[in-house]
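These notes are about the structure you will find just below.
Please read all numbers here as calculations on a predicted model, not as lab measurements. Heads up: numbering here begins at 1 and tracks the sequence. Each ligand, and each atom within it, is numbered from 1 in the order the structure gives. We use all heavy atoms of the structure for the numbers below, so side chains are in, but hydrogens, waters and symmetry mates are not.
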Amino acid sequence: MKTKSSSISEVIRTRIEKNGARFLSTDNISDFIQDGELDLLVDEVAKKMQDVLNTLVINTKDDHNTQDTAQRIAKMYIKETFSGRYLPPPTITSFPNAKTYDQIYVTGPITIRSVCAHHFQNITGVAYIGVFPGTDVIGLSKFNRIADWYASRPTIQEELTVQIADAVQQLTKAEGVGVLIKANHACMTARGVKEHASDFTTSVLRGSMRNNPVLKDEFFRIMTGMKGWNN
Ligand SMILES: [Zn+2]
């Protein structure tokens, strides 16, 4: 008797469930994906996406605009907009804070391109990351890589801010961390209330950045003087 062969998404999902791991939209599942399986996942999503287009009663066969749309969307989801779920974390080496720099530093604006988990609409904005150093430091560009890895998932801005703050704290063993994201949500601008003028700002403060009002003020003062703040 022939058993029904599982789709690649079922295979991956079974591995995750066997390990008791989480696979919410903001979780990374790269540990459960083997070489070559991402391309199979693209193919599976493309097939299902084509079903969606068919159900939307779009004649993709005779319409050159939408002929390859299912394939394009599938590739975009897996390899670009949601790649932070499927690809392993960026390699980041922490170094000892040799010169024991003991002042706050702030990096930004870091471009944020994400997608809201509620409507799969774009979230576009900037992040600023402030660190009051502890024992370790990381390269400046690594902050951008961390932010992008977490942003490349269907998420909500509050959770994205928390995830970036946690990662920075873990990698730098910082005494204080501040992360602020200022973004536009296409689910506000392109649908629903169609409000174009509003920004949404979230901030997470940790350690001394939260407990010491002087440091907290300094973080906000430096940040508001930085490029991109008034955009
Ligand atoms: Zn939304």
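- Of all protein atoms, those of element N, O or S that lie under 2.8 Å from the Zn ion (ligand 1) number 3.
- Partners of Phe32 under the ring pair (Phe, Tyr, Trp, His ring centres under 6.0 Å) rule, at least two apart in sequence or in another chain, do not exist in this structure.
- Looking at residues two or more places apart in sequence or on another chain, you find no salt bridge (charged side-chain N to carboxylate O under 4.0 Å, His left out) involving Arg191.
- Cluster partners of Phe95, by chain and number: Val137. The rule joins Ile, Leu, Val, Met, Phe, Trp and Tyr whenever side-chain heavy atoms lie under 4.5 Å apart.
- A donor-acceptor pair shorter than 3.5 Å can be found between the side chains of Asp63 and Thr66.
- Between Arg206 and Asp166 there is a salt bridge, with a side-chain nitrogen of the basic residue lying less than 4.0 Å from a carboxylate oxygen of the acidic one.
- Within 6.0 Å of CZ on Arg145 lie no more than 12 heavy atoms contributed by other residues, nucleotides or ligands.
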